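Everything quoted here is computed from the prediction, not taken from an experiment.
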2 protein chains.
Amino acid sequence: METNGEGALGLLGDPSRRAIFELLARHPCSVQELTDLLPISRPAVSQHLKVLKDGGLVVSRAEGTRRIYQLRPDGVTALRTWLDGVWQDALTGFQKQAEASTPGLEPDPNDHLNDEPEER
Amino acid sequence: METNGEGALGLLGDPSRRAIFELLARHPCSVQELTDLLPISRPAVSQHLKVLKDGGLVVSRAEGTRRIYQLRPDGVTALRTWLDGVWQDALTGFQKQAEASTPGLEPDPNDHLNDEPEER
DNA sequence: CGGTTCCGTTAGTGTTAGCTTACCGTTCGT
DNA sequence: ACGAACGGTAAGCTAACACTAACGGAACCG
């Protein structure tokens with residue numbers, strides 16, 4: 001279990017995992033519920049849950065024959081912590097740049113090599 | 001340009017991209033600098049920068065023959081916004097769960113509004 | 001007990017995505 | 001104008017990964 005925001009970000013890179021994450025944020029769910037709500041098969045959900053669990057973002061609790069999954073607060077906290085760190089660094093960076101007499105952000109006028117930015 | 005936290009999360013899923021992102025958070029960098037600091041080739045850095053730029057997380061500015069890349073504040077803000085949304089949902093979820101297992105603290109008998117299959 | 005539901009795991013497959021090599025345009029120095 | 005530094009792009013390969021299908025196990029119910 002990592003429990004650090006850096007690893008957690010890697011886990012949330014997958015869209016399906018993000019969807020599961022957001023669903024679990026609303027309320028705990030069983031695998032079956034998640035399967036009904038998502039456009040993927042049950043084993044796929046199960047695999048994603050395993051990844052999320054190993055990554056320390058969710059925990060599971062047995063309830064009869066089904067397993068209820070829910071978010072682990074520490075995981076979300078770690079994410080926020082990591083992002084806040086980067087955010088602070090960025091703020092000081094912006095401040096130093098502002099001192100360095102850069103009045104505004106120039107949109108790179110000599111960027112004729114790359115002025116077609118529409119690609120998925 | 002996406003400029004929404006959801007897409008940005010996908011971009012930061014890659015470790016190399018996270019590394020570039022964190023480096024740019026400290027101070028703006030040229031492609032050459034990033035290449036020297038990272039264990040990947042220069043074209044790889046360039047490709048990642050293109051992805052980050054299309055995703056609205058960074059901007060580039062021409063300076064002589066080199067391009068200086070730096071973070072775009074809106075991108076980081078979008079990330080925080082998305083994460084805060086999930087965080088709020090999770091908080092309410094935790095609260096409801098706490099109420100369900102802690103009698104007498106904050107009883108809310110009208111909690112049948114959400115479909116939580118509770119049977120033992 | 002047999003049947004059913006729910007779930008984890010494995011094997012197998014197809015697609016995606018990152019990395020490198022090579023090439024070319026642009027800008028600066030001499 | 002020539003050559004070097006800087007960097008974006010194309011083609012290709014390889015590895016990772018997300019998904020399905022199939023099997024097996026564990027808990028409820030009749």
Give the rounded distance in Å between these two atoms: [atom1] of [X] and [atom2] of [N].
{"X": "B:Ile68", "N": "D:dA5", "atom1": "CD1", "atom2": "C1'", "value": "14 Å"}
{"X": "A:Leu49", "N": "C:dG8", "atom1": "CG", "atom2": "P", "value": "7 Å"}
{"X": "A:Arg61", "N": "C:dC7", "atom1": "CZ", "atom2": "C1'", "value": "16 Å"}
{"X": "B:Leu34", "N": "C:dG18", "atom1": "CG", "atom2": "P", "value": "16 Å"}
{"X": "B:Leu52", "N": "C:dG18", "atom1": "CG", "atom2": "P", "value": "10 Å"}
{"X": "A:Glu63", "N": "C:dG8", "atom1": "CD", "atom2": "P", "value": "14 Å"}

Do [X] and [Y] have side chains that get closer than 4.5 Å, going by heavy atoms?
{"X": "A:Leu12", "Y": "A:Leu57", "value": "yes"}
{"X": "A:His48", "Y": "A:Leu11", "value": "no"}
{"X": "A:Leu91", "Y": "B:Leu71", "value": "no"}
{"X": "B:Leu38", "Y": "B:Leu23", "value": "yes"}

Run through A:Ile68, A:Leu49, A:Asp36 and flag the one making a side-chain contact (heavy atoms from CB on, under 4.5 Å) with A:Val31.
->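 The passing option is A:Leu49.
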Identified side chain to side chain donor-acceptor pair (under 3.5 Å) counterpart of B:Ser60 within the set B:Lys50, B:Lys53, B:Arg67, B:Gln70 |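 Considering B:Lys50, B:Lys53, B:Arg67, B:Gln70, a side chain to side chain donor-acceptor pair (under 3.5 Å) with B:Ser60 is found only for B:Lys53.
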Closest listed nucleotide, where the reference is the side chain of B:Arg66 and the choices are C:dT9, D:dT9, D:dC6 =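 Between C:dT9, D:dT9, D:dC6, the one nearest the side chain of B:Arg66 would be D:dC6.
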Could you run through nucleotides 13-27 of chain D and give me one letter per nucleotide, 5' to 3': B if any protein heavy atom sits under 4.0 Å from the base, S if only the sugar-phosphate is that close, - if neither?
-> -----SBBBB----S
Counting only side-chain N and O atoms of B:Tyr69, is one of them less than 4.0 Å from OP1 or OP2 of D:dG8?
->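 Yes, B:Tyr69 has a side-chain N/O under 4.0 Å of OP1/OP2 on D:dG8.
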